[in-house]
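Just so it is clear, the values below take in all heavy atoms, side chains as well, and ignore hydrogens, waters and symmetry mates. The chains referred to below are lettered A, B, ... by the order of the sequence lines, with proteins before strands, and numbering in each begins at 1.
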Amino acid sequence: MTTRPATFSQLRLRENQLFVAVTILIGVLSGLSAVLFAVAIERTSHYFFGFDPSPGRLLLVPVLVSLGTGVLLARVFPDARGSGVPQTKAAFHLQEGFIPARVPLGKFLTGVLCIGSGHSLGREGPSVQIGAGLASVVGRWLRLPSARVRDLVPVGAAGALSAAFNTPIAAVLFALEEIMGNLSAPLLGSTVIASVSAVIVERSILGNEPLFRVPTYHLVHPAELGAYALLGLVGGLLSLAFCKSLLALRKVFQRLPPWTRMLQPALGGLFVGALFIMAPQVMGVGYDFVDQALNGGLMFRTLLLLCGLKLVATVVSYASGNAGGIFAPSLYIGAMAGGAVGTLVQWFAPFPAGEPGAYAIVGMGTLFAGIIRAPMTSVFMIFEITQDYQILVPLMVANLLSFMISRRFQPAPVYHALLAQDDVHLPATTAGQGTPALAAGELMEPEAVLLPAEQSVEGAWQLAQANGGAAHLVGKRERVVGVLSLESLAKAVQAGRGNEALTSLVEGPILHVHPDHPVDIVLERLGRSHGILPVLSRHSARRLEGVITLDCITRFIHRRRASASADAAGRAET
Amino acid sequence: LYGGACAACGRNRLYRIVHREILLLGVLSVVASLLFLGTRAAARANRRMRLQEAAVWYEQGRHDLQAGGTLDAITALRRAAAIDPGRPSYRFALADALARDGQSDAARQVLLTLRERTPEDPQVNASLARLEARRGSVAAASGYYESALYGAWMADQAAPRRQLRVEMIRYLLAHRQEQRALSQLLVLSANLPEDAGLQVEAGQLLMRAGDTRRALDHFRHALAVAPNDLSALAGAGEAAFGLEDYGRAHRYLHGIPHESDHLRRLAALAALVVRHDPLMPGLSGDERSRRLVGCLTHAAARVRSCARRADPESEPLPAGLDSLRAEALSLARGLAAGRRRRSSDVLESGTALILRIERAADAAHCPTAEVDQALSLIARKHESDRP
């Protein structure tokens, strides 16, 4: 017995060392998966299109392939739709890092088919989800504690992104800033290890080449900072246009009947296929053309055309439910917009201006900062991609402006907004915040009376009167559709709407809290409610976890007091 | 997780967990290694495919370029360069096509990208120099030319390097940068093979840069290799003429067909100088005296005819011109009559007098014949020979 504490601490140390080994291994695996994913996309694209595809191929391949992936994404791998970054964030914040094994597999398969068939989507988002998924699977296979499995998700994401972009620093920042939402996270060491392992693997396979080859650009004249600020403004507005149109079109697709889900990707494929006939340059990831823009190789009209068409193609490809990310498209659109602004500056500026390629580089950063809303990641990513230190100051100026404009007019970041459309509500950034002293989950009472949505207004009014209370929830426990006050029910009955379905009275978003919301938010929202505040799940923001009323809070205080008195009595006895 | 003893081995349960983790990590490492090999093989196959695709686009671009379809060529070469960015020749061909299409800025960007990777590449620097030359930026063009010349050349690339140096020298001379051109010419002449054409070329460039003596050396080198080379003869004649070695100039220029008026005039002048120069080596005293008399008489005759033809409305002839004529005639008569001693002093003062007359006649805008020019050349030559 005397030796036990020593052995125990020794073994704890050993477990930490093992975690480091697991981190390295996950870095290697996620790096390999990212490289394999990129290679598979290229091979598939070549298989589908060859060197010089005919218009018929350009039109038909996205449609036909999307018919197949539509079935897979609707029936077999529903979690593999879209980018993968929002799902990874949800897994980290809401599911303790749990990502089913079929997700990385499905993402790989559908991502390769969707992007390889020409859909205007990026490979980095899927790589992040695949890397995080592999990390989660490995963590569970090793039977690590759930907290450790959760920790491995950003580690896998960092490794995958590091290999996908060949940007180890930006990958670490992305994992901390975007996935975890906390730049001062304690997982910095692990993400760095994974990122470095992944990039070593990537470079040993593909060589140490930057993603883009660009000449070193300089700030030619101090007044050029003003031109870069203008680019930031343009980038911010474009980011806004991208996010708004993406969310709006996605909502339209979501409102279509559920049976159309399998066909929606093909519908998107038909549209982008027609677009490819006009401009095949917007197909797929499109880095070849970004490279041309960065080297000043595209004319003004081409830059404008590709900027607009890529935006449309990406919005359609993503909103129709295909698998692929928005990293690469945001860089593409940014490079084209930046090149166009740079050309205009060169033509009309009264001071000596730099090459349009310099503006294209900064443009990439502005769109990334505006759309993805990760300004630090954006700066370091562009720096690592181009390996051009001189462009850092203009990049920071433009990024900041773009970020501010985007945040001002689109408060929810695009990944959060996409998850919200799927009824998944992520917690706010946790930087500097601890676990709340008292959360909604402790205050709520799980039992609640719900009025069935299909019931008539008259019937609901009678039921509500019988139950008492100023307001009632409408819907089922699995799907709450709204909250109605007794007063509004009475008014509807008096207005002769007694035979209408209850859903006709429900309008607007539901004022709610999640179980982890602190008591101050609960009280503030309860004050704005009809007297009843539903507590909804973060996983599925329509599922009822419980309700909070003033009575609940009173009862909670009584329980606390009683418990405190009992404790005091126990201590006194002791 | 960490509590309790293992029923099988009697150890703490944590041992079992850790041991299991190590085992699984080992398995995963093997899987990762196999995956690494598989991915690497796939990446290599993919790379081969991409290289092949890039080569197809490159060939297409070259074909288009040859057929005159510059825009199609640019598109194809852009694709080749984007697919295989590691191959400088694709980007170089693209830059060439862009330059041909007049897209100098785009071509410059492509070349600058290449230069960042291979700053010592002579071809890239030379192309950049040509683009800058086209833009009229002499300093930048010279800088790139120098970078190209002092770049990494292969041992068997002496000829193209020399050609590039010649190109740079021509560019510098065209932009009045004689001193920089001369420094390059010194390097060029130090490394020239015994080839008549190259020697002549170097000589002509030296002539343009103002180094006539070195130019003559190169022409003579050329003549040593190819004695009947007309360009070498013409160049040597011109250089000798420039050095006031009219005898040699006459030898080189005599009897060769002259394609330009300039050379024909030089040949005629050299012949006249040789015929009239009283201080030409190897002449007898009488002959020297006779030639001097001839020269003085001709100079005096020029002044006289000038005075006769003078327009009454134009400026009158300078008063000193008549006294110079009288002095010339007096000296000529003295020499002809044997009253003056035929010493070298007399010859020198005679030629000096001729020079004064010719200069005064030129200043008075008297008509000039070829003989007058020859007399001026003779007098000037001997004036400069005088200590």
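- Per-residue counts of heavy-atom pairs under 4.5 Å with chain A were compared for B:Q103, B:R91, B:R44; the largest is that of B:R91.
- At a 4.5 Å heavy-atom cutoff, B:A107 makes no contact with chain A through either its backbone or its side chain.
- In A:M299, the CE atom is not crowded: 12 or fewer heavy atoms of neighbouring residues, nucleotides or ligands sit closer than 6.0 Å.
- For B:R108, the part sitting under 4.5 Å from any heavy atom of chain A is the side chain, from C-beta outward, and nothing else.
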Worked check of salt bridge (Lys or Arg N to Asp or Glu O under 4.0 Å) between B:R208 and B:E178 = CA-CA 8 Å; B:R208 281 180 63 192; B:E178 280 82 6; over 6 Å; no

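- There is no contact between B:R47 and chain A, counting heavy-atom distances below 4.5 Å.
- For the atom pair CG (B:N125) and CD (B:E120), the distance works out to 9.0 Å, reported to the nearest 0.5 Å.
- Between A:F212 and A:Y287, the ring planes are perpendicular. Angles over 60° get that label, and only those under 30° would be called parallel.
- Interface residue A:L36: backbone and side-chain heavy atoms are both found under 4.5 Å from chain B.
- Contact count against chain A (heavy-atom pairs under 4.5 Å) is highest for B:V56 among B:V110, B:V56, B:L112.
- Proximity to chain A (any heavy atom under 4.5 Å) is shown, for B:E53, by both the backbone and the side chain.
- A:Y332 has its ring centre no less than 6.0 Å from the ring centre of A:F289.
- Listed options A:L25, A:L29, A:V28 were ranked by heavy-atom pairs under 4.5 angstrom with chain B; first place goes to A:L25.
- Put simply, the side chain of B:T118 never gets that close to the backbone of B:R115: no donor and acceptor are under 3.5 Å apart.
- Under a cut-off of 6.0 angstrom, the local environment of CD in B:Q157 is crowded, with over 12 non-hydrogen atoms contributed by other residues, nucleotides or ligands.
- For A:L32, the parts sitting under 4.5 Å from any heavy atom of chain B are the backbone and the side chain alike.
- Looking at B:R50, the atoms closer than 4.5 Å to chain A (heavy atoms on both sides) all sit in the side chain, from C-beta outward.
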